[in-house]
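A short worksheet on the structure shown next.
Residues: numbered from 1 along the sequence shown. All heavy atoms count here, side chains included; hydrogens, waters and symmetry mates do not.
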Amino acid sequence: MDRMIGMFAAKGFSIQEMVSLVGGGHTIGFVHCTEFGHRIFGKTVDPSINPKLVEGLKKICANYLQNQALSAFLDVMSPGVFDNTIFKNLQKGLGVMSSDQLMFLDPRTKPFVDKYAADGKAFFNDFAKAMEKMSVYGVKTGRQGEVRKRCDAVNAA
Ligand code: HEM
């Protein structure tokens with residue numbers, strides 16, 4: 001959490017903005033088992049993760065070392081809906097990624113997780129503002145940078 005807070009702070013984002021952005025980003029989409037397998041298949045299971053979720057994820061990811069495409073939804077309760085369920089999940093230990101779950105465990109971020117879990121309107125409002133701020137951060141214009149063909153890699157020369 002120190003690293004997460006530090007990285008967002010270095011770009012001028014507050015802890016509140018970080019929680020709204022990360023939770024908001026992860027209310028849709030999925031994560032590969034390779035990213036969180038250590039939480040459920042290690043010698044000791046991560047104690048912050050709900051045992052029911054561990055059971056479910058173990059089934060989904062059973063073969064993940066052989067099949068690295070295996071993935072789980074980030075918001076296990078409402079994966080296809082943009083809403084504040086992800087924050088309610090975190091309160092119940094239902095965060096799939098440890099960096100998401102940590103936001104409920106750290107006293108610096110927990111108040112915002114609780115606020116957004118209780119108040120969907122506050123979440124939508126704060127998320128919209130933070131997204132707007134992020135969308136104009138360090139924007140490159142003219143001949144600077146490039147429009148990527150794949151979002152996760154720079155274009156080949
Ligand atoms: C500390 C901050 C963050 C970390 C560590 C993080 C990490 C990750 C990881 C590991 C994945 C899964 C990737 C995969 O397995 O392919 C993921 C997925 C995703 N993240 Fe984040 N993320 C962060 C912040 C954000 C923010 C700020 C947004 C947007 C506002 C966002 C939006 C998404 C989305 C939409 C997906 C799902 C992608 C898909 O389904 O293809 N994330 N994130």
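- For Arg150, the salt bridge (charged side-chain N to carboxylate O under 4.0 Å, His left out) partners are Asp152, not counting sequence neighbours.
- Looking at heavy atoms from C-beta onward, Thr85 lies out of side-chain contact with Thr27 at the 4.5 angstrom threshold.
- With sequence neighbours excluded, the residues that form a side chain to side chain contact (heavy atoms under 4.5 Å, CB included) with Thr141 are Val139, Gln144.
- Under the 4.5 Å side-chain heavy-atom criterion for ILVMFWY residues, no single connected hydrophobic cluster contains both Ile28 and Met77.
- Side-chain atoms of Phe36 and Ile49, non-hydrogen and from C-beta on, never get closer than 4.5 Å to each other.
- Note on residues 87-102: pairs passing side chain to side chain donor-acceptor pair (under 3.5 Å), not counting sequence neighbours, are His26-Asp100, Asp75-Asn89, Gln91-Asp114.
- Residues Met134 and Phe13 have side chains in contact (heavy-atom distance under 4.5 Å, counting atoms from C-beta outward).
- For residues 64-113, there are no disulfide bond (SG atoms under 2.5 Å apart) pairs, not counting sequence neighbours.
- Residues Leu102 and Val76 do not share a hydrophobic cluster, defined by chaining ILVMFWY side chains whose heavy atoms lie under 4.5 Å apart.
- Counting only residues at least two apart or on different chains, the ring pair (Phe, Tyr, Trp, His ring centres under 6.0 Å) pairs with a member in residues 59-105 are Phe41-Tyr64, Phe82-Phe123, Phe82-Phe124, Phe82-Phe127, Phe87-Tyr116, Phe87-Phe123.
- Ser71 places a side-chain N or O within donor-acceptor distance of the main-chain N or O of Ala69, the cut-off being under 3.5 Å.
- For the side chain to side chain contact (heavy atoms under 4.5 Å, CB included) test, residues two or more places apart in sequence or in another chain that qualify with Asn63 are Gln66, Asn67, Leu70.
- Applying the salt bridge (charged side-chain N to carboxylate O under 4.0 Å, His left out) rule to pairs touching residues 126-135 yields Glu17-Lys133, Lys115-Asp126, sequence neighbours excluded.
- Annotation: salt bridge (charged side-chain N to carboxylate O under 4.0 Å, His left out) contacts involving residues 34-52, sequence neighbours excluded, comprise Arg39-Asp46.
- Hydrophobic cluster membership differs between Leu105 and Val96, with clusters built from Ile, Leu, Val, Met, Phe, Trp and Tyr side chains linked at under 4.5 angstrom.
- Rounded to the nearest 0.5 Å, atoms CG (Leu74) and CG (Leu94) are 13.0 Å apart.
- For the atom pair NZ (Lys121) and CG (Asn84), the distance works out to 12.5 Å, reported to the nearest 0.5 Å.
- Residues forming a side chain to side chain contact (heavy atoms under 4.5 Å, CB included) with Val147 (at least two apart in sequence, or on another chain): none.
- Residues Gly23 and Ile86 come closest through the heavy atom pair O-CG2, 3.3 Å.
- Counting all heavy atoms, side chain and backbone alike, Val22 lies closest to Met103 at CG1-CE, 3.9 Å.
- Under the side chain to side chain contact (heavy atoms under 4.5 Å, CB included) criterion, Val81 pairs with Ser78, Asp83, sequence neighbours left out.
- Taking hydrophobic clusters as Ile, Leu, Val, Met, Phe, Trp and Tyr residues chained together by side-chain heavy-atom distances below 4.5 Å, Met97 shares a cluster with Val45.
- Across all their heavy atoms, Lys149 and Asn155 have their closest contact at N-OD1, 2.8 Å.
- Note on residues 61-92: pairs passing disulfide bond (SG atoms under 2.5 Å apart), not counting sequence neighbours, are Cys33-Cys61.
- The neighbour count for Arg148 CZ, taken as heavy atoms of other residues, nucleotides or ligands under 6.0 Å away, is above 12.
- Contacts of His38 classified as ring-ring contact (aromatic ring centres under 6.0 Å, His included), with partners at least two apart in sequence or in another chain: none.
- For the pair Leu57/Leu53, a side-chain contact is recorded, criterion being any heavy-atom separation below 4.5 Å from C-beta on.
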